[in-house]
Amino acid sequence: MSEIKNITGAEALLYSLIEEDATTIFGYPGGQVIPIYDKLYGFRDRIRHILTRHEQGAVHAAQGFARVTGKVGVCMATSGPGATNLITGIADAMLDSTPLVCITGQVPAGQLGNDAFQEADIISMTMPITKWNFQVTSADEIPWAVARAFYIARSGRPGPVLIDITKNAQVDKLDYCYKKCNTLRSYEPIPLPDKSAIEQAVELINGSKRPLLLVGQGIKLSGAEKEVVEFAAKANIPVASTLMGISAIADDFPLYIGRLGMHGNLAPNIMTQNADLIIAVGMRFSDRVTGDLSKYAKQAKVIHIDIDRSEINKVVKVDVGIVADAKDALNSMLQDINEANRKEWFEFAKVQLEEETKNVITPSIHPSDGPIRMGEVINILTDATDRNAVIVTDVGQQQIFSARYSKFRNTRSFITSGGLGTMGFGLPAAMGAKIGVPDKEIVAVLGDGGFQMTMQELGTIMQNKIGVKIIILNNSFLGMVRQWQQLFFERRYSFTELENPDFVRIASAYGIPASRVIERDGLNDAIGTMLKTEGPYLLEVAVANEENVFPMVPAGASLSDLIFKE
């Protein structure tokens, strides 16, 4: 862009966002960002602003937008409580590698450190949970800061950044000229694969009899979905995903055996403990994946591919560490990987699948009697959407049932809070996702507890006519905590039972069509009506109060120690 003379810092910010192709801001105005909002009024044809009902809603919506589009999500809040209300979402984005640019207002530079009204040191607060943050105190710093922020947020391992802009910097004048940032000293966002490490990895893969490929969100972030399928198919290796890796590979891919970890499928967990080689790509060996580290895959060699050098050997000691973009690393190995016949290894997987189907899956999705089960709701939803919907979950039992029983054809179709496990994430993330990909069916699957943490965002959905579908799986409990209390605390249900309001009437108050299902006979028709209704819709499903998610690896136990029932 050519130079623009004598404009305010607020205008410079908006011009800079346009230069970075930011089309949407999720935000909430306040005293220390009024100058930005005043100028935003004149930019309404170039930047869409979504007024959320809470700043936490704004940051989660920006996350949902970023996760489905692969673009940088943008949110904005005022100083003090506005800024601090973003913190949960920023921490969530940091753990889940979600690219965000968070913009906060701040008191004038001359008042910094004086405990001025609504002053909070958001820079110090967010330093541990951002890739980079910066406090702007003069207008001429704004273009530089925005360019740097977007480059850092989207490059390498993505993550959140924060720009805190003092009020004087928003109103002061500058001669504006924008220069995009493409490099930073000492910052290597995409390291090239080490040739020696690639050769060692290929040798281990070609020599293995029982390899297992573990796929994390890094596949989606890298855009390596095609490469990982080609890699697995050529080497004939079974593939399992982490929670965040779900939808990176289509569920009907013949080599896909399910999800890993605490509430994962039987085959991936048992095969982890029997593999002679683990190939981990774009995942970080979360404790929810490994269980007891002292007993994790002790018989296996480990190859770990990750773009973030700090993840290599951080949790699991590896035999070969490859610091690289997932797509680059897979392409580097593909040509030299040998085809292999692993009939016995896949027969082993089949046995695990049959056992799980008999003991867990069939009774969960096709119950013969009793109350509606969460799994059957997800199974009917999957069939009704032909595996094409984007499922956005909150955190809890409904999250895990969605992870287990949703099926996907397309990447970036399962959106959830993984690392931080943030209740209240689901509803605002779903509306951000719908704004990001308006032509796709977005279904928020929520629990009655998590929904009530951010249900004020029904107002945002109403005002902006956001066509997100909402399913509340209502068991009148904080279900996941209740499950732990049942299994490990002798059924002492300490403060986990919920007395809930009438969710249908609440939705109706916001002008959102809604219905409630209590009996199994009405479930198919209710989901069909929800999906056929134009615009938003809320469906409450009364489900079993004391249903549990199985299999389960108890906290601190080995992956071999799965439990199947109470």
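Only this structure's heavy atoms are used, side chains among them; waters, hydrogens and symmetry mates stay out. Please read these numbers as outputs of a predicted model, since none were measured by experiment.
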Backbone of Glu55 reached by a side-chain donor or acceptor of Thr52 within 3.5 Å:
no
For Glu311, is there an ion pair with Arg157 - N to carboxylate O distance below 4.0 angstrom?
yes
Specify the closest pair of heavy atoms between Phe414 and Thr393, including all atoms of both residues, with the distance to one decimal.
CE1-CG2, 3.7 Å
Does the separation of the ring centres of Tyr151 and Trp132 fall below 6.0 angstrom?
no
Do Gln217 and Asp96 pair up side chain to side chain, a donor and an acceptor below 3.5 Å, judged on atom types alone?
no
Check whether the side chains of Asn545 and Asn475 place a donor and an acceptor atom closer than 3.5 Å, and report yes or no.
no
To the nearest 0.5 Å, what is the distance between CG on Asp172 and OG1 on Thr166?
8.0 Å
Please determine if Arg373 and Glu547 form a salt bridge, counting it only when a charged side-chain N lies under 4.0 Å from a carboxylate O.
yes
Indicate yes or no: at least one non-hydrogen side-chain atom of Ile246 is less than 4.5 angstrom from one of Arg259.
yes
For residues 20-29, please give each side-chain donor-acceptor pair under 3.5 Å, one per line with the distance, not counting sequence neighbours.
| unit_1 | atom_1 | unit_2 | atom_2 | d |
| --- | --- | --- | --- | --- |
| Glu20 | OE1 | Arg154 | NH1 | 3.1 |
| Glu20 | OE1 | Arg154 | NH2 | 3.4 |
| Glu20 | OE2 | Tyr178 | OH | 2.6 |

So which heavy atom on Ile36 is nearest to which on Gln170, and how close?
CG1-OE1, 3.4 Å
Under 3.5 Å, is there a donor-acceptor pair between the Thr416 and Gln399 side chains?
yes
Please check if the side chain of Thr78 supplies one atom and the backbone of Gln32 the other of a donor-acceptor pair under 3.5 Å.
yes
Closer than 3.5 angstrom, by distance alone: can the side chain of Glu19 be matched with the main-chain N or O of Ser16 as a donor-acceptor pair?
no
Sidechain-backbone polar pair: Gln463 side chain, Ile50 backbone, donor-acceptor under 3.5 Å
no
Any side-chain heavy atom of Leu427 within less than 4.5 Å of one from Phe451?
yes
Going through the checks in order, is the salt bridge (charged side-chain N to carboxylate O under 4.0 Å, His left out) test met by Arg409 and Asp251?
CA-CA 7 Å; Arg409 297 183 191 276; Asp251 291 87; over 6 Å; no
For a 4.5 angstrom cut-off between non-hydrogen side-chain atoms, does Met455 reach Tyr510?
no
Check whether any side-chain heavy atom of Pro143 lies under 4.5 Å from a side-chain heavy atom of Lys179, and answer yes or no.
no
With distance as the sole test, does Lys327 use its side chain to make a donor-acceptor pair with the main-chain N or O of Gly223 at under 3.5 Å?
yes
So, are Arg284 and Asp308 salt-bridged, with charged N and O less than 4.0 Å apart?
no
Rounded to the nearest 0.5 Å, what's the gap from CG on Leu539 to NZ on Lys469? Could you check?
11.5 Å
So among Val146, Thr137, Thr104, Ile103, which one has a side chain to side chain contact (heavy atoms under 4.5 Å, CB included) with Ile165?
Ile103
Nearest-0.5 Å distance, CZ of residue Phe134 to CD1 of residue Ile142:
10.5 Å
With rounding to the nearest 0.5 Å, note down the distance linking CD1 in Ile391 to OG in Ser402.
6.5 Å
Is a side-chain N or O of Asn474 found less than 3.5 angstrom from the main chain of Ser476, in a donor-acceptor match?
yes
Tell me, yes or no, whether the heavy-atom count around Asn114 atom CG, taken from other residues, nucleotides or ligands under 6.0 Å, exceeds 12.
yes
Checking Phe43 now: which residues fulfil ring pair (Phe, Tyr, Trp, His ring centres under 6.0 Å) with it, not counting sequence neighbours?
Tyr15
Could you give the distance from CE (Met374) to CZ (Arg404), rounded to the nearest 0.5 Å?
13.5 Å
Any sub-3.5 Å donor-acceptor pair from Glu457's side-chain atoms to Arg53's backbone N or O?
yes
Ionic contact status for Asp383 with Lys407, cut-off 4.0 Å:
no
Check for a donor-acceptor pair, side chain of Asp394 on one end and backbone N or O of Gly424 on the other, with a separation under 3.5 Å.
yes
Heavy atoms only: give me the nearest Lys39-Leu14 pair and the separation to one decimal.
C-CD1, 3.6 Å
Main-chain N/O of Thr385 paired with Glu441 side-chain donor or acceptor, under 3.5 Å
no
Any side-chain heavy atom of Leu478 within less than 4.5 Å of one from Met423?
yes
Given the ring of Tyr493, does Arg482 sit roughly above its face, with NZ or CZ under 6.0 Å from the centre of the six-membered ring and within 45° of the axis?
yes
Do Gln106 and Lys167 make a side-chain contact, defined as non-hydrogen atoms from C-beta onward lying under 4.5 Å apart?
no
Side chains of residues 526-533: which donor-acceptor partners sit under 3.5 Å, not counting sequence neighbours?
| unit_1 | atom_1 | unit_2 | atom_2 | d |
| --- | --- | --- | --- | --- |
| Thr529 | OG1 | Asp525 | O | 3.0 |
| Thr533 | OG1 | Thr529 | O | 2.7 |

Would you tell me whether Gln485 and Thr496 have side-chain atoms, one donor and one acceptor, within less than 3.5 Å of each other?
yes
Is any side-chain heavy atom of Pro501 closer than 4.5 Å to one of Ile506?
yes
For the side chain of Arg412 and the backbone of Arg67, is there at least one donor-acceptor N/O pair under 3.5 Å apart?
yes
State, with a plain yes or no, whether a side-chain heavy atom of Ile471 is found less than 4.5 Å away from one of Leu446.
no
Checking side chain to side chain donor-acceptor pair (under 3.5 Å) between Thr411 and each of Lys220, Glu225, Lys226, which is the one that passes?
Glu225
Hey, could you give me the NZ/CG distance between Lys173 and Asp140, rounded to the nearest 0.5 Å?
14.5 Å
